Amino acid sequence: MSATFTQTLASAWERNNSLLCVGLDPDPAKFPAHLKGRDDAILEFCKAIVDATADLVCAFKPQIAYFAARRAEDQLEDLIAHIHERHPGIPVILDAKRGDIGSTAQQYAVEAFERFRADAVTVNPYMGRDSVEPYLAYPDKGVILLCRTSNPGGSDLQFLHVQGGKAGEEPERLYERVARLVAEEWNRTGQCALVVGATYPHEIARVREITGFMPLLVPGIGAQGGDIEATVKAGRTGAGTGLMINSSRAILYAGTGEDFAQVSRQAALETRNSINRWR
Ligand SMILES: O=C(O)c1cc(=O)[nH]c(=O)n1[C@@H]1O[C@H](COP(=O)(O)O)[C@@H](O)[C@H]1O
């Protein structure tokens, strides 16, 4: 049997000595001049970044909207195939933030895991357990549920107090309930992870407390200004792992010339090393 997402991630943490996830959010308006106008510009840009950083990361995270908006889903398929072929052992997280009733979720699961061959997918837990089950039906795949998102508006709902599930329990915040539900009930197969933004280190610490060793996908360093030291200290496990700390724009667009991939490599190296300083 092939390795599960969780096992592949743990191996990548160790092999590359890295908790850095490079996010692949290709925006042609920001591409270097020599790639602009090419039909395969999105694929070529992303392949160059992937090849320049694969030994520095624990995962890659393509964001589906950047591909779908430009009718480039075929380039996303080719990109993920390229990562599997050239960089085996680096898990691919498809960032799709899906959420729908079970029958539709089943189609989204086929899209993520069979069409795109992602190792994990981001999912919105808002519609509850049956909306997540179709992803859990793929036991070797990762299911990464939104918990405490990095954006300011995340507080509108995720920070609301909800009554405890059992009589006499203290009210808790909605993101705490999500973390508890996933850790105690949905994660029977050990394939779940949670998204917690680097912009909220206090909540990262709380989610770590609730979930034990569960992997956390932490976007929000770099362009969104999250603090690396606070993020790592709040979210690392006792073993100094447990995190996929994502940076997209700060790495993808570090350079603007023909040597952009090398400049991105330098940015990824520095980010990985700053993360490691606090593990
Ligand atoms: O699920 C995500 O990846 C995600 C969750 C979240 O709470 N905040 C967040 O920024 N993201 C994604 O992480 C990436 C962050 O990109 P940068 O801000 O450029 O590093 C984008 O692809 C977002 O869609």
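Please read these numbers as outputs of a predicted model, since none were measured by experiment. Below, each value reflects all heavy atoms present in this structure, side chains not excepted, and no hydrogens, waters or symmetry copies. Both ligands and their constituent atoms are indexed starting at 1 by order of listing.
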Who gets closest to atom 18 (O) of ligand 1 by heavy atom: Lys97, Arg148, Arg249? Arg249

Is it the case that the ring center of Phe45 lies less than 6.0 angstrom away from the ring center of Tyr66? no

Keeping Asp40 on the side-chain end and Leu43 on the backbone end, is there a donor-acceptor pair under 3.5 Å? no

Record the part of Thr149 in heavy-atom contact with ligand 1 below 4.0 Å; permitted values are side chain, backbone, both and neither. both

For Asp25, the ligand 1 atoms with a heavy-atom partner under 4.0 Å come out as 14 (C), 16 (O), 21 (C), 22 (O)

With distance as the sole criterion, is a donor-acceptor pair present between the side chains of Thr199 and Gln224 under 3.5 Å? no

Is there at least one pair of N or O atoms, one from Ser247 and one from ligand 1, spaced under 3.5 Å apart? no

If you scan protein heavy atoms around atom 20 (O) of ligand 1, the nearest is Ser248 N, 2.9 Å

Spacing of Glu114 atom CD and Gln107 atom CD [to the nearest 0.5 Å]: 9.5 Å

Quick one about Asp51 and His82 (side-chain donor to acceptor, distance below 3.5 Å, no hydrogens or angles considered), yes or no? yes

If we number the atoms of ligand 1 from 1 as shown, the ones under 4.0 Å from a heavy atom of Val195 are 5 (C), 7 (O)

Using heavy-atom distances only, which candidate in Gly220, Pro219, Gly226, Gly225 approaches atom 11 (N) of ligand 1 most closely? Pro219

Among all protein heavy atoms, pick the one closest to atom 13 (O) of ligand 1 and tell me residue, atom and distance. Lys61 NZ, 3.3 Å

Can you find a pair of side-chain heavy atoms, one from Phe260 and one from Phe31, that are under 4.5 Å apart? no

Ligand 1 atoms nearer than 4.0 angstrom to some heavy atom of Asn246 are 13 (O), 14 (C), 15 (C)

So, Gln158 versus Thr149: side-chain donor-acceptor pair below 3.5 Å or not? yes

Give the residue and atom name of whichever protein heavy atom lies nearest to atom 10 (O) of ligand 1, and the separation in Å to one decimal. Gln224 NE2, 2.9 Å

Establish, from distance only, whether the side-chain atoms of Thr4 and Asp140 form a donor-acceptor pair under 3.5 Å. no

Among Gly222, Ala223, Ser150, which residue places a heavy atom closest to atom 6 (C) of ligand 1? Ser150

